[in-house]
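Comments concern the structure below.
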Amino acid sequence: MDCFLSENLLREYIRTYKLSLDKSAPAEIQNWKETEARRKGEANISFDVRKDSDGLTFLDMNILALSIEGTKATGGNQSLWTDSIAYKPVRNVVGHTGLLTNNAKNHLSLTFENIKARVKKLISERPKKLP
């Protein structure tokens with residue numbers, strides 16, 4: 001669950017601060033929308049399956065992190081990009097309903113805590129007024 005909370009935390013940060021998405025986001029969103037539409041058609045599903053329709057739910061941690069921080073370069077500092085790399089292999093197991101080892105669960109929990117702390121720091125560095 002921590003992996004989905006991590007992604008949703010970043011999505012909410014982007015929504016709240018009305019951040020521009022990384023340049024790769026529109027193509028990624030379009031690709032996944034088309035894939036989802038095709039799979040819904042194959043499954044004979046006519047109803048909406050996503051609660052949010054802004055496209056952010058189609059984006060993975062990598063693009064979300066780039067949208068927030070603007071770069072993959074860390075300069076030796078803490079980075080959401082680095083967290084997205086560390087978290088992806090374990091998140092993919094969860095996304096494919098695989099069972100996690102205790103070490104993998106701990107890894108996801110620690111990565112989520114790291115992401116939360118990074119977002120708190122980013123919020124504290126922003127001007128007090130929302131755009």
Side-chain angles (χ1 to χ4, degrees):
M1 181 125 177
D2 288 339
C3 57
F4 302 114
L5 291 173
S6 296
E7 290 175 342
N8 286 328
L9 178 63
L10 297 188
R11 289 181 183 107
E12 195 54 38
Y13 183 87
I14 290 168
R15 284 184 189 110
T16 299
Y17 292 103
K18 298 174 177 59
L19 300 181
S20 298
L21 297 177
D22 182 73
K23 64 182 179 194
S24 64
E28 190 73 13
I29 291 168
Q30 186 61 36
N31 178 51
W32 284 111
K33 280 185 176 183
E34 290 170 2
T35 299
E36 183 173 279
R38 187 175 60 255
R39 289 179 179 158
K40 281 177 56 181
E42 292 166 354
N44 194 36
I45 294 175
S46 300
F47 53 86
D48 290 333
V49 294
R50 289 181 186 268
K51 189 174 182 179
D52 297 315
S53 61
D54 62 7
L56 287 176
T57 57
F58 290 98
L59 300 176
D60 66 7
M61 278 288 290
N62 293 358
I63 295 177
L64 296 170
L66 282 174
S67 296
I68 291 171
E69 295 186 316
T71 183
K72 294 178 184 180
T74 65
N77 297 314
Q78 291 82 9
S79 161
L80 292 170
W81 171 256
T82 305
D83 285 329
S84 74
I85 298 302
Y87 134 121
K88 193 167 188 169
V90 181
R91 183 258 186 241
N92 288 350
V93 172
V94 173
H96 292 98
T97 66
L99 298 176
L100 295 177
T101 64
N102 285 334
N103 283 342
K105 290 176 192 176
N106 291 336
H107 175 72
L108 273 183
S109 293
L110 287 172
T111 303
F112 177 55
E113 291 301 320
N114 206 44
I115 290 168
K116 280 194 318 188
R118 178 71 179 134
V119 169
K120 285 179 184 178
K121 184 175 188 318
L122 290 169
I123 290 170
S124 74
E125 293 171 348
R126 290 193 72 86
K128 295 301 176 202
K129 286 180 147 180
L130 291 179

CG on L64 to CG on L56, rounded to 0.5 Å: 6.5 Å
For F58, ring pair (Phe, Tyr, Trp, His ring centres under 6.0 Å) partners two or more places apart: none
CG on L59 to CZ on R11, rounded to 0.5 Å: 7.0 Å
Straight-line distance of L80 CG to I85 CD1, nearest 0.5 Å: 12.0 Å
Single-linkage hydrophobic cluster Y87~L9, side-chain heavy atoms < 4.5 angstrom: yes
Shortest non-hydrogen contact from T57 toward R50: OG1-NH1, 3.0 Å
F112 and D83, any side-chain heavy atoms less than 4.5 Å apart: no
side-chain contact (heavy atoms from CB on, under 4.5 Å) between R126 and Y13, worked out: CA-CA 12 Å; R126 290 193 72 86; Y13 183 87; 3.2 Å; yes
Short side-chain donor-acceptor distance under 3.5 Å, D22 and S24: yes
Q78 CD: over 12 foreign heavy atoms closer than 6.0 Å: no
K121 and E125 ion-paired at < 4.0 Å: yes
Cluster check V90, L10: I/L/V/M/F/W/Y, side chain < 4.5 angstrom: yes
Check: I115 main-chain N/O paired with K120 side-chain donor or acceptor under 3.5 Å: no
Main-chain N/O of A86 paired with H107 side-chain donor or acceptor, under 3.5 Å: yes
Donor-acceptor contact below 3.5 Å, side chain D60 vs main chain I63: yes
Salt-bridge contact D54-R15 (side-chain N to carboxylate O under 4.0 Å): yes
Distance-only side-chain donor-acceptor flag, S84 / N62, under 3.5 Å: yes
Separation between CD1 of I68 and CZ of R118, rounded to the nearest 0.5 Å: 9.5 Å
Verify same cluster id: L66, L21 (apolar side-chain graph, 4.5 Å): no
Polar side-chain atom of E69 near backbone of S79 as donor-acceptor pair, under 3.5 Å: no
Donor-acceptor side-chain pairing of E36 and W32 below 3.5 angstrom: no
Flag for Y17-E12: side-chain donor and acceptor within less than 3.5 Å: no
Backbone N/O of L110 and side chain of N114: donor-acceptor pair under 3.5 Å: no
